[in-house]
Amino acid sequence: MSGTVLLECEDLVKVFPGVRALDGVGLRLTAGSVHALLGENGAGKSTLIKVLTGVHSPDGGRLTWNGQQVHLRSPLEATRTGIGVVHQERNLIPGFSVAENITLQNPPSHRGLVDREAMTAPAVACLAELGVDLDPQRPVRELSVAQQQLVEIAKALYTESRVLLLDEPTASLSPQETERLFEVIRRLAARGACVVFVSHKLEEVFEVCDTVTVLRDGKSVLESSPLADHTHDDIVGLMVGRAHAATEMRPRTVDHTATPTLVLDKVSTAGGHRDISLEVRPGEIVGLYGLVGAGRSELVKAVLGLDRITGGEVRVHGGPVHITSPRQALHEYGIGYVTENRKEEGVFLEQPIVRNITVTVWKRLAKALGFVSAREERDVAQDLVDRLGIRVTGLGQNAGELSGGNQQKVSLAKWLAADTKLLVIDEPTVGVDVRTKRAFHELIWDLARDGLPILLISSDLAEMVTLADRIVVMTDHRIRGELDNDRDYDRMSGRVIRLIHDRDAVRS
Amino acid sequence: MTTSISPPDTVPEEKTATHRMPFWVNQRLGLLALVIALSVLFGVLRPAFLDQQLVLFPLLRDIATLTVVALAQMVALSVGHMNLAVGRMAAFGAMFAGLGYDRLGVPMQVGLLMCLAAGAAIGAVTGWLIARTGVSSFVVTLAMDFALLGLVSLMYSSLTDDAAFTTHPTGIDALRSYSLADICAGPICGSPAVPQIAQFTVLAMLALGFLYGCTRIGRELLLTGANPAAAELSGIPTGRRVLLAHTLSGLLAALAGFMAAAGTGTFRASIGDDFMLPSFLGAVLGGTLLTGGVVSVLGTLLGTALVGVIRKGLDLLGVGLESLNIYLGCVLLLALSADRIRAVVSYRKVVRST
Amino acid sequence: TYKNSDAQSGSQAAPAARTGAGADLVDGSKTKVALVPGGAHPYFQPWKTAGSAAKKTYGLGAVAFDETAEWDQQKQNNLLSTLAARGYNAFGVFGVSPTDINSTFADLKSQGFPVASLGSCPAGDKDDADFCLSTDVQLAAYKAAKAAIAAMGSKGTLVHLTGNNVDANTQLRIKGVAQAVKESGGKVKLLQTITDIDTDLQTAQKAVSDLMAAKGSQITGIVATAYNPAVAAADVVKSSGSKAKVIAIDDDAKILSGIKQGTVTATVVQNPVGQAEIGTWALALLQTKQCTVRSPGVEVDSGSFVVTKANVAGYDKARQAKTAELKKQFADKILTCG
Amino acid sequence: MNRLNVTLGQGSWGGSALRRFARSTAAMLLCVVVVGYVALGIASSGSFFEGPSVRVFLQYLATPILIGLAQMVALCVGQLNLAVGALGGFTACLMGVLMADHGVPAGVAVIVGLLTATAIGLATGVAIVGTQINGFIVTLATMTILLGAQYRLTGTRTVDGYSRTLRDFGTAAPLNIPLVFVTALVAAALLAAFMYRTVAGRRLLAAGGNPLAARLSGISTDRQIVAAHTLSGLLIGVAAVTATASLPGVNRSVGGDWLLPSFAAPIIGGVALTGGSIAVLGTVLAAFVTRLIDAARAQFSLDPSWVNLLIGLVVLGTVAGGRLHQTRLEKSATTDGAVLPQTGGAQ
Ligand SMILES: Nc1ncnc2c1ncn2[C@@H]1O[C@H](COP(=O)(O)OP(=O)(O)OP(=O)(O)O)[C@@H](O)[C@H]1O
Ligand SMILES: Nc1ncnc2c1ncn2[C@@H]1O[C@H](COP(=O)(O)OP(=O)(O)OP(=O)(O)O)[C@@H](O)[C@H]1O
Ligand SMILES: [Mg+2]
Ligand SMILES: [Mg+2]
């Protein structure tokens with residue numbers, strides 16, 4: 001069984017107004033393999049996946065399934081053919097339960113009546129396969145971003161497809177969940193399915209994949225080649241189109257005597273946090289690490305007034321504060337918050353990029369009568385677009401038309417443009433490609449070097465180790481410990497994992 | 001921030017040369033073409049359509065008023081809200097003008113200011129309630145509609161005999177019947193087709209065009225409408241923007257009420273009774289999204305004009321009431337479908353040229 | 001019992017075409033008369049036939065009936081100017097808003113068109129039309145209330161159902177009914193005036209049903225001075241088994257059948273036929289400059305009649321007589337023809 | 001109201017169904033209905049609880065419930081149906097004319113009416129999907145067309161004298177429970193079952209809740225839009241049948257006052273304009289609330305102007321008061337704090 005070509009495409013073309021998103025892409029998926037699909041942000045990976053699953057109809061090229069040419073006119077046809085998918089953006093029905101979302105494509109039913117009982121078992125099974133423990137009756141709107149991502153994956157598992165396309169499934173997962181997912185992927189491959197894996201984390205790619213296709217500007221520059229033949233740098237070179245030179249970041253020191261900009265002193269929240277103490281000093285990057293659902297995002301949301309603080313004290317610039325809204329946080333205390341939920345809270349999908357980026361600086365640009373010069377505005381936006389390498393057809397393009405990674409860049413760009421005194425960054429590099437991630441890191445680093453205190457939440461341990469001065473580890477809404485970062489990935493990750501496991505030890 | 005990242009060399013050149021849709025993809029242009037095409041059609045079928053005094057003047061006067069109504073709705077839609085009380089806010093505003101003229105004998109301009117102030121005030125109350133409570137604008141403005149409906153008719157029945165303020169201040173009759181040709185002589189300055197009352201519409205459009213096109217507040221209004229959560233997290237005072245939008249909506253509604261009153265003769269309670277549907281129709285036809293975040297001031301004018309022209313044309317053709325509405329609906333659908341085809345074709349063209 | 005306003009004037013039926021010298025239309029072929037009601041309403045339907053009959057009788061260029069104003073003053077204004085653009089040169093108008101219609105009349109007059117206010121007169125003392133030919137709205141309501149009081153045996157509790165509260169005509173109707181009740185000297189009590197229920201039949205039916213459920217036992221008479229409430233009242237009173245007497249207004253087929261069946265005790269009919277017939281004729285005379293109005297803005301009563309089961313078969317005769325009399329009145333007293 | 005959709009505090013997720021209901025719009029409406037009804041009963045010294053009063057009260061609930069449900073179905077896929085009143089009026093007039101002028105038997109006329117309404121709903125849906133023009137505009141155009149058609153059918157007269165059986169159905173009230181009201185309740189129950197239990201119903205909701213996600217899961221949003229308008233048409237057809245049955249006759253005014261109530265019932269009942277949510281019970285209860293106002297108006301012989309003013313002020317007052325009260329509760333009790341404004345337009 002292994003080795004037969006399941007799905008093959010040649011010369012695929014997909015055109016959007018202003019861009020050729022796919023410009024002659026070839027791909028061959030064989031049974032029993034895990035296939036990496038790589039490329040920079042905006043290279044066309046998601047578009048390719050959408051074409052393969054009948055979301056977009058191709059403007060040219062051929063698609064064959066088991067040797068026969070097929071036309072996939074709708075997602076339903078693709079599912080019926082045997083192609084399952086997890087799209088890059090989370091696509092769940094907010095009001096439906098976890099179980100119903102998982103079984104949405106093919107709900108267990110009896111004479112047209114949905115069978116809710118019969119829904120639970122397969123949903124729980126799919127979740128269990130991923131090692132997730134979620135109440136299947138909970139509406140998904142109540143889940144955290146990462147939990148929703150897991151539900152998405154469970155939903156794809158439910159369809160039991162021959163070809164499973166995963167578009168950045170691990171972007172908001174922590175290593176533990178990722179590892180479980182890999183086990184599932186390997187199991188599927190062993191069963192004779194083909195899994196396509198899109199990720200910007202090359203370590204992951206090398207860990208789980210055996211063949212690779214690299215896209216650049218909508219063209220496949222490397223087609224279905226064994227991954228073992230290539231090195232990290234090869235691949236990056238292919239993606240970027242040149243050698244990838246890593247620059248050293250300039251050293252940075254933290255003045256430990258300065259008054260901390262943000263202090264949490266034994267804070268507890270209505271969300272269930274207890275005894276949270278934390279300090280962030282000027283020029284310091286404090287990492288807040290934890291597994292999915294540990295309550296990190298919730299904690300900062302509580303600090304920003306989106307949830308109630310029930311005990312302890314929050315001090316900003318030395319004085320105790322009571323923040324009631326993110327806006328107050330921004331305007332009175334200069335706290336900027338880059339949300340992890342870019343689709344709902346980060347970008348304005350139906351608005352032009354220029355507005356998305358400059359929203360935080362209009363106040364500064366405004367002249368008499370609140371007049372904002374369109375040119376200055378464009379200059380600011382263009383500057384950031386260039387600096388972050390955001391791939392756009394024009395500043396007037398709607399943010400919703402950008403590739404996922406580019407949206408993430410837009411979401412961060414507006415905070416880089418703003419003048420804040422404290423920046424809280426939640427999962428900044430989700431879905432961002434290698435090169436830009438590097439650029440992001442440099443930016444964050446330099447912001448701190450210039451004296452900005454930064455609280456960084458990330459599930460990407462490598463990122464933590466690269467950037468943070470101290471790593472605070474949180475599980476289950478409690479702080480388990482604090483580690484001084486010595487920038488040695490292996491040592492640090494070991495210590496962090498141990499801290500997390502201590503909790504488990506305590507528990508059992 | 002001293003980092004410099006070398007511009008990625010893989011990105012094609014056009015990236016910085018901002019790519020824009022060609023002008024003919026624009027929806028406003030489609031509407032304009034439709035309005036012109038229909039005018040020409042009716043003009044050919046009934047040459048009287050181009051009669052400046054008897055046809056165009058009243059048509060434009062109507063369009064002028066309804067455009068302001070639609071703008072009032074557009075402003076509420078811009079923050080993703082609705083104003084179901086447009087008509088009643090118009091009546092409420094107009095009542096104050098009438099009261100001023102009838103009881104206080106104020107000059108026309110003062111009455112107009114009273115009217116606008118009243119409209120803005122009631123809009124502000126509405127906006128404050130919505131922003132403060134977070135209850136759907138639909139419910140709040142609907143309740144406001146009822147409250148004003150009751151209040152306005154109570155006021156009129158207690159203050160007047162036949163439910164109307166009939167005093168005409170000096171100047172208001174000129175507003176009603178003067179065209180550009182009456183204000184200054186000669187063909188250069190104006191045709192008898194353009195009503196003087198349209199000055200308010202032009203002013204409102206210019207002001208809103210400036211607000212939404214050039215200012216910070218306008219942009220913030222739009223973003224509040226596009227995604228309130230993201231707007232709040234981006235530091236936009238969404239509550240204040242909502243308040244502002246409803247205040248403006250009330251103000252414009254009151255202006256429309258004044259224009260309607262000046263256009264028909266007296267200040268009465270039934271002003272604005274029929275404002276609600278045209279207000280949505282004009283705005284939505286013009287390209288304003290019901291979901292918020294996108295407005296078009298010019299589109300609103302064109303949308304209103306389209307409906308006005310169709311109606312006028314059918315009137316001129318002598319279509320009776322038994323067919324009028326049928327034709328009106330059909331022509332509207334056909335015209336829009338034609339525009340839709342144009343949009344699809346032009347989209348294909350852009351795609352092909354890429 | 002109450003007397004019809006035309007009771008004295010016999011019952012000669014012929015719509016006399018030749019009365020008073022000089023008031024015979026010489027050549028009306030250039031005259032195009034537009035009859036513009038406020039909107040679609042059963043009351044105006046006779047205008048349509050009467051208008052086209054008048055066109056034939058007097059050989060007019062055209063008579064149009066256009067109800068597309070849809071009860072909106074601005075729409076009506078637009079409609080009138082459109083009609084002018086289409087070549088109509090004389091206008092018989094039922095103003096949507098009695099307080100605004102003078103401005104409209106003045107506009108039309110300033111363009112040289114003769115204008116008649118038909119069916120209702122402008123509010124206030126001024127009338128910018130050439131003449132107003134209508135039933136006194138207040139009087140009709142007064143008569144209806146009088147008829148109700150008579151049917152109730154001059155005592156009991158009366159309810160008044162009517163339309164849009166903030167309409168000048170509604171205010172007149174309310175006054176008319178109140179006046180009749182006052183004249184009863186306290187023996188008849190006006191329980192309630194329910195306004196704003198003419199918007200649609202279901203609203204009217206609901207309001208009347210609720211009223212009967214809450215106060216049905218007290219009510220002995222209902223005056224409905226708007227169409228939908230009248231239809232609804234007749235039905236509800238019958239189905240609820242109440243003894244209340246229902247007095248309606250106008251003579252739409254539905255109401256006449258109610259009179260015949262006894263669900264409606266009486267109705268006050270006006271004279272829309274006469275308004276259209278005489279109005280068209282007089283407008284033609286004015287348009288051809290054959291005649292002028294002696295005192296512009298004069299108001300003429302077109303008559304109103306109480307119709308009961310007893311006279312339902314023959315009331316139209318009386319109305320025709322009134323029409324003929326009107327014509328004479330116009331020729332003799334209202335117009336000067338030279 | 002919209003915060004209910006956003007977050008429910010932490011704490012126990014299981015077994016919270018009751019608590020969720022207690023906090024829901026429907027529960028609040030239920031309280032209002034019960035309190036209002038009892039208050040009216042006391043004010044009328046009991047006569048309001050008597051058979052005939054109950055019958056009249058329920059009789060006129062059929063239309064608001066049915067049109068509210070019809071609008072709710074359209075809202076649940078994120079559409080608006082402005083043609084509710086026009087379609088209802090047209091269908092009622094069509095049935096009336098068929099029976100009175102053409103002697104069509106009542107049964108046939110009712111079936112023709114239902115089919116016509118459904119077919120027009122279908123056509124509207126197809127037009128929206130086919131032309132990709134905003135549903136708002138399309139239904140506005142169908143509304144205009146249908147208004148014209150209704151006038152053309154009946155002119156200014158009132159069509160009456162049709163089938164006795166149908167009229168009897170319209171006025172029959174065994175045990176003082178009007179059959180038309182029962183019809184509306186049955187329709188509501190069926191609709192609820194359809195929406196909560198059937199695959200087709202879940203598809204409608206999925207398409208409304210997140211159109212893109214639904215599409216990616218193989219649900220054709222286009223088909224759901226068509227289905228929603230068709231179903232909406234059918235419900236309006238039922239409303240038209242009950243109206244034709246209980247009215248003394250049909251004329252061009254029928255349906256003229258349906259538009260706003262059709263929106264008010266579901267939205268007061270807790271349905272979001274943005275789609276994806278339904279509230280059958282809420283809609284029914286909201287119709288009860290508005291009906292209570294009618295009853296109060298008759299009971300206390302209120303001037304409609306005062307009624308309007310009071311309704312407006314009371315609603316505004318409750319809205320403001322309720323929210324402020326809630327904020328205070330939050331300050332002291334176990335729920336969460338400030339809530340981000342909800343995404344989605346025209347709220
Ligand atoms: N709906 C759309 N309309 C217009 N352009 C689009 C649309 N969807 C994608 N594009 C463009 O197509 C190109 C490829 O996008 P795609 O989403 O496939 O990138 P990607 O490789 O998945 O990137 P990422 O790693 O950031 O997810 C981008 O330039 C994007 O702007
Ligand atoms: N809107 C919400 N309503 C109810 N519960 C929520 C909501 N958002 C998050 N939660 C719950 O709060 C817990 C913590 O979520 P949070 O987002 O803070 O986790 P996190 O540590 O940031 O991890 P991640 O974002 O990676 O999932 C989760 O168990 C989640 O189910
Ligand atoms: Mg992508
Ligand atoms: Mg998080």
Side-chain angles (χ1 to χ4, degrees), chain B residues 46-59 61-62 65-66 91 149 152-157 160-166 168 172-173 176-177 259-271 273-274 308 311-325 328, chain C residues 34 37 39-40 44 48 62 64-88 95-108 110-111 113 122-126 128 137 164-172 174-175 195-196 199:
Chain B
R46 287 283 181 281
F49 187 84
L50 302 175
D51 185 320
Q52 299 209 10
Q53 235 159 36
L54 289 177
V55 177
L56 294 182
F57 177 79
L59 175 63
R61 195 170 62 183
D62 224 22
T65 311
L66 288 182
L149 177 65
V152 168
S153 53
L154 280 176
M155 296 276 287
Y156 272 106
S157 27
T160 63
D161 278 345
D162 15 82
F165 291 115
T166 48
H168 286 209
I172 206 158
D173 289 317
R176 163 188 159 73
S177 51
M259 289 167 72
T264 52
T266 57
F267 293 81
R268 64 204 140 82
S270 56
I271 279 174
D273 270 354
D274 287 339
R311 208 191 147 87
K312 196 73 178 180
L314 292 175
D315 265 351
L316 264 175
L317 292 175
V319 175
L321 189 57
E322 65 286 348
S323 317
L324 180 77
N325 284 320
L328 193 63
Chain C
F44 302 116
K48 219 187 290 187
F65 172 79
D66 195 326
E67 53 196 347
T68 54
E70 299 192 76
W71 301 107
D72 180 296
Q73 188 58 58
Q74 197 146 352
K75 280 207 185 101
Q76 190 176 42
N77 291 350
N78 282 345
L79 173 64
L80 288 168
S81 53
T82 312
L83 285 167
R86 281 167 59 193
Y88 288 90
V96 172
S97 160
T99 51
D100 288 310
I101 198 65
N102 264 336
S103 312
T104 312
F105 290 155
D107 282 356
L108 287 171
S110 72
Q111 287 163 34
F113 302 120
D125 309 324
K126 206 165 64 117
D128 283 341
V137 176
N164 185 2
N165 183 32
V166 285
D167 181 74
N169 282 341
T170 305
Q171 295 296 329
L172 291 176
I174 292 174
K175 275 185 208 140
T195 57
D196 299 318
T199 48

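Chain letters run A, B, ... following the sequence lines, proteins first, then strands; residues in each count from 1.
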Visitor: Tell me, side chain or backbone of B:Ala260 under 4.5 Å from chain C's heavy atoms, or both, or neither?
Guide: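 Contact with chain C is through both the backbone and side chain of B:Ala260.
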Visitor: For chain C, find which of B:Ala164, B:Ala261, B:Gly318 contributes the most heavy-atom pairs closer than 4.5 angstrom.
Guide: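 Heavy-atom pairs under 4.5 Å are most numerous for B:Gly318.
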Visitor: Given that the side chain runs from C-beta out, which part of B:Val319 has a heavy atom under 4.5 Å from chain C: side chain, backbone, both or neither?
Guide: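 The backbone, not the side chain.
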Visitor: Which bit of B:Thr160 comes within less than 4.5 Å of chain C, counting heavy atoms only: side chain, backbone, both or neither?
Guide: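 Contact with chain C is absent: no heavy atom of B:Thr160 under 4.5 Å.
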Visitor: Could you check whether B:Glu322 pairs with C:Lys48 (Lys NZ or Arg NE/NH1/NH2 to Asp/Glu carboxylate O, under 4.0 Å)?
Guide: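 So B:Glu322 does not pair with C:Lys48 through a salt bridge.
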Visitor: As an exercise, state the distance from OG of B:Ser153 to CG of C:Asp167, rounded to the nearest 0.5 Å.
Guide: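 It is 12.5 Å, given to the nearest 0.5 Å.
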Visitor: Heavy-atom distance under 4.5 Å to chain B: side chain of C:Gln111, backbone, both or neither?
Guide: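 Contact with chain B: side chain only.
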Visitor: Identify the heavy atoms of C:Arg86 and B:Asp315 that sit nearest to each other, and give their distance.
Guide: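 For C:Arg86 versus B:Asp315, the nearest heavy atoms are NH1-O, 3.1 Å.
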Visitor: Have C:Thr99 and B:Thr166 got a donor and an acceptor in their side chains that come within less than 3.5 Å?
Guide: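 No donor-acceptor contact under 3.5 Å links the two side chains.
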Visitor: Closest approach of C:Val166 and B:Ser270, non-hydrogen atoms and distance?
Guide: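 Smallest interatomic distance, heavy atoms only, reads CG2-N, 4.4 Å.
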Visitor: At a heavy-atom distance under 4.5 Å, which candidate from C:Gly124, C:Gly39, C:Ser97 has the highest pair count against chain B?
Guide: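 Among C:Gly124, C:Gly39, C:Ser97, the one with the most close pairs to chain B is C:Ser97.
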Visitor: Which atoms form the tightest heavy-atom contact between C:Ser103 and B:Gly265, and what is the distance?
Guide: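 Result for this residue pair: OG-CA, 3.7 Å.
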Visitor: Can you tell me how far CG of B:Leu321 sits from OG1 of C:Thr68, rounded to the nearest 0.5 angstrom?
Guide: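 These two atoms lie 6.5 Å from each other.
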Visitor: Which heavy atom of B:Asp51 sits nearest to which heavy atom of C:Ala85, and what is that distance?
Guide: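 That would be OD2-CB, 4.5 Å.
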Visitor: Mind checking the CG-CG spacing from B:Leu54 to C:Leu83? Nearest 0.5 Å is all I need.
Guide: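 So the gap between those two atoms works out to 10.5 Å.
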Visitor: Measuring heavy-atom distances to chain B, does C:Ser110 have an atom under 4.5 Å in its side chain, in its backbone, in both, or in neither?
Guide: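 For C:Ser110, there is no contact with chain B at all, as no heavy atom is under 4.5 Å.
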Visitor: Indicate yes or no for a side-chain donor-acceptor contact from B:Arg61 to the backbone of C:Asn78 under 3.5 Å, with no hydrogens or angles considered.
Guide: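 It does not hold such a pair.
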Visitor: Picking from B:Leu66, B:Asp62, B:Asp274, what satisfies side chain to side chain contact (heavy atoms under 4.5 Å, CB included) with C:Gln74?
Guide: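 Exactly one candidate clears the test, B:Asp62.
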Visitor: With a 4.5 angstrom heavy-atom cut-off, which part of B:Asp173 approaches chain C: side chain, backbone, both or neither?
Guide: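 Neither part.
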Visitor: Using non-hydrogen atoms only, which part of C:Asn77 is less than 4.5 Å away from chain B: side chain, backbone, both, or neither?
Guide: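 Just the side chain, heavy atoms under 4.5 Å.
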Visitor: First locate atom CD1 of B:Ile271, then atom CD of C:Gln73, and finally report the distance between them rounded to the nearest 0.5 Å.
Guide: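 Answer rounded to 0.5 Å: 11.0 Å.
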Visitor: In Å, rounded to the nearest 0.5 Å, how long is the span from CZ of B:Arg46 to OG1 of C:Thr82?
Guide: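 Rounded to the nearest 0.5 Å, the CZ-OG1 separation comes out at 12.5 Å.
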Visitor: Based on non-hydrogen pairs under 4.5 Å, which of B:Leu316, B:Val55, B:Asp273 is most in contact with chain C?
Guide: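 Sorted descending by pairs with chain C, the first entry is B:Leu316.
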Visitor: With a 3.5 Å distance limit and no angle check, can you tell me whether C:Asp100 reaches the backbone of B:Thr266 through a side-chain donor-acceptor pair?
Guide: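 Yes.
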Visitor: Please rank C:Leu79, C:Asn102, C:Leu80, C:Asp107 by heavy-atom pairs under 4.5 Å with chain B and give me the top one.
Guide: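 The candidate making the most pairs under 4.5 Å is C:Asp107.
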Visitor: Please flag which part of C:Ala123 lies under 4.5 Å from any non-hydrogen atom of chain B: side chain, backbone, both or neither.
Guide: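 Just the side chain, heavy atoms under 4.5 Å.
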Visitor: Side chain, backbone, both or neither: which part of B:Leu324 has an atom under 4.5 Å from a heavy atom of chain C?
Guide: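 The side chain, not the backbone.
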